[in-house]
*Asks:* 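Got a structure here, written out as structure tokens. Questions coming.
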Amino acid sequence: MTIVDTPTDAAPTAPTGGPELPQERRLVTEIPGPQSRRLLERKAEAVAKGVGHTIPVATVAAGGGVLVDADGNSLIDLGSGIAVTGVGNSAPRVVEAVQRQVAQFTHTCFTISPYDSYVEVAEALNRLTPGDFVKRSALFNSGAEAVENAVKIARHYTKKQGVVVFDHAYHGRTNLTMALTAKSLPYKSGFGPFAPEVYRVPLSYPYRDELSGADAASRAIAQIEAQVRAENLAAILIEPIQGEGGFIVPAEGFLPALQRWANDNGVVFIADEVQTGFARTGTMFASEQFGIVPDLVTTAKGIAGGLPLSAVTGRAEIMDSAQVGGLGGTYGGNPIACAAALATIETYEQENLTERARAIGGILAARLNELKATDPRVGDVRGLGAMMAMELVDPATGAPDAALASRVAASVIAQGVVVLTCGTWGNVIRFLPPLVISDELLNEGIDIVGKALIEC
Ligand code: PLZ
């Protein structure tokens, strides 16, 4: 990496993003630099306080494994805008497809007059999601909107209302999805009342509950049978690996046992693959690695290279239950987002990014486990593929150490590496690099995290 220590006050002209950006960590000012500070001041004056930010820099370009700020700093990106830019920012196929589409037509509203790319995205999702049954898809804008619609569809199909979700779950910020999400601060506190008929049950959290998958599933199912009962239950909704909740990988057998119970009891089994989907975990969808075939899958984030798009995909008989006009929205499946999704899916497939995610996972797992072996504050290292995390704890008690996680993250960010935290207790440092990041940048990023951990 280069360190140039002549701080500049004039905004450099913004470079073009994409993989052609120099793939290097480069600090020319402190973080945040003067231009970024100026933007953050304007943000405080113009943008509602509730809309926070994690990385205090004004982004002007991004691509490959880096993000460039208005002061000319180049940061290593280990976050992908929360698992969105798996194919990299401004990925060439996406840029080309979006430019072509934006010049052709920008909007019709698919439910007013349909177009090809929406149908092609649905066909691709029906092909790529787990399960060899006949499927249908419906497209929306955000992950939360996809989850809301999956619940709507499951309720319509089963003519039942209850929805079971899990401890540590994250499903969104809309009213129904706030009810589905577990963590109060910052997502729910003060924003109630929340939607009814949502029941929360315990997860499998091997590091903390030391239960086998079968035992954790029996515990959850016993609670469902005692407190809800299948005859009142439309759906079980679960993230195969919990994302915001702390990258919690359930013990083997947990998810299949839940799915079996749902299948046997007329309950729709919904996998929320908004964060785990699209090559991230080393397979197109994480469900594949857990041996589950969900009835419905929700997707978003990695689907369209950064454009807003989401989907519900699943069994035709369930998806087709809702009446004509019952599903939709002005922008859902917008033609530009669909063009981006087709280019993104082609990129995952042509560039073999599932394999790349497994290679990234190999590097992350090896390096983070080295940290764990020498530092008892690293309580657990877990994840799949390019979705890995370490849980930081007080070695004496095992209590979550959120303060340490924020100190490490702040120090790493100040040194030009974008890293995110997560977890119900905020004590997990997560790694979600773009799948196109080089080994060199990835390793440099992890080096900095390791050093920051020692220094904090
Ligand atoms: N389901 C599993 O991870 C979004 C939220 C960030 P939207 N996770 C990032 C934040 O602070 O808002 C997410 C998810 C899972 C649903 C969602 C919601 O997706 O596109 O943010 O609505």
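Counting starts at 1 for both ligands and their atoms, following the listed order. Scope of the values below: all heavy atoms of this structure, side chains included, with no hydrogens, waters or symmetry mates.
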*Asks:* So is there a nitrogen or oxygen of Ala144 less than 3.5 Å from a nitrogen or oxygen in ligand 1?
*Replies:* yes

*Asks:* Would you mind running through ligand 1 and noting each atom that sits below 4.0 Å from a heavy atom of Ile82?
*Replies:* 6 (C), 9 (C)

*Asks:* Tell me which one of Glu239, Glu145, Arg173 gets a heavy atom nearest to atom 11 (O) of ligand 1.
*Replies:* Arg173

*Asks:* Do Glu391 and Asn427 meet the criterion of a side-chain donor-acceptor pair at a distance under 3.5 Å?
*Replies:* yes

*Asks:* Mark yes or no: Lys135 above the aromatic ring of Phe133, with NZ or CZ under 6.0 Å from the six-membered ring centre and no more than 45 degrees from the axis.
*Replies:* yes

*Asks:* Using a 4.0 Å heavy-atom cut-off, which part of Ser142 comes near ligand 1: side chain, backbone, both, or neither?
*Replies:* both

*Asks:* May I ask you to check whether Thr174 and Thr177 show a side-chain donor-acceptor distance below 3.5 Å?
*Replies:* yes

*Asks:* Just checking, is any N or O donor in the side chain of Gln227 or Arg200 under 3.5 Å from an acceptor N or O on the other one?
*Replies:* no

*Asks:* Check whether Phe194 forms a cation-pi arrangement with Lys188 (NZ or CZ under 6.0 Å from the six-membered ring centre, at most 45° off the ring normal).
*Replies:* yes

*Asks:* Could you tell me if Tyr348 and Gln350 have a donor-acceptor pair between their side chains, going purely by distance under 3.5 Å?
*Replies:* no

*Asks:* Going by distance alone, is a donor N or O of one side chain under 3.5 Å from an acceptor N or O of the other, for Asn263 and Gln259?
*Replies:* yes

*Asks:* Checking a contact table here: which protein heavy atom is nearest atom 20 (O) of ligand 1, and how many Å away?
*Replies:* Gly143 N, 2.8 Å

*Asks:* Tell me which protein heavy atom sits closest to atom 16 (C) of ligand 1, plus the residue, atom name and distance to 0.1 Å.
*Replies:* His171 O, 3.4 Å

*Asks:* Return the residue, atom name and 0.1 Å-rounded distance of the protein heavy atom closest to atom 1 (N) of ligand 1.
*Replies:* Asp272 OD2, 2.7 Å

*Asks:* Which one of Glu244, Lys301, Gln275, Gln242 has a non-hydrogen atom at the shortest distance from atom 4 (C) of ligand 1?
*Replies:* Lys301

*Asks:* Should Tyr187 be counted as touching ligand 1, given the test is an N or O pair under 3.5 Å?
*Replies:* no

*Asks:* Compute the minimum heavy-atom distance from Gly243 to ligand 1 and say whether it is under 4.0 Å.
*Replies:* no

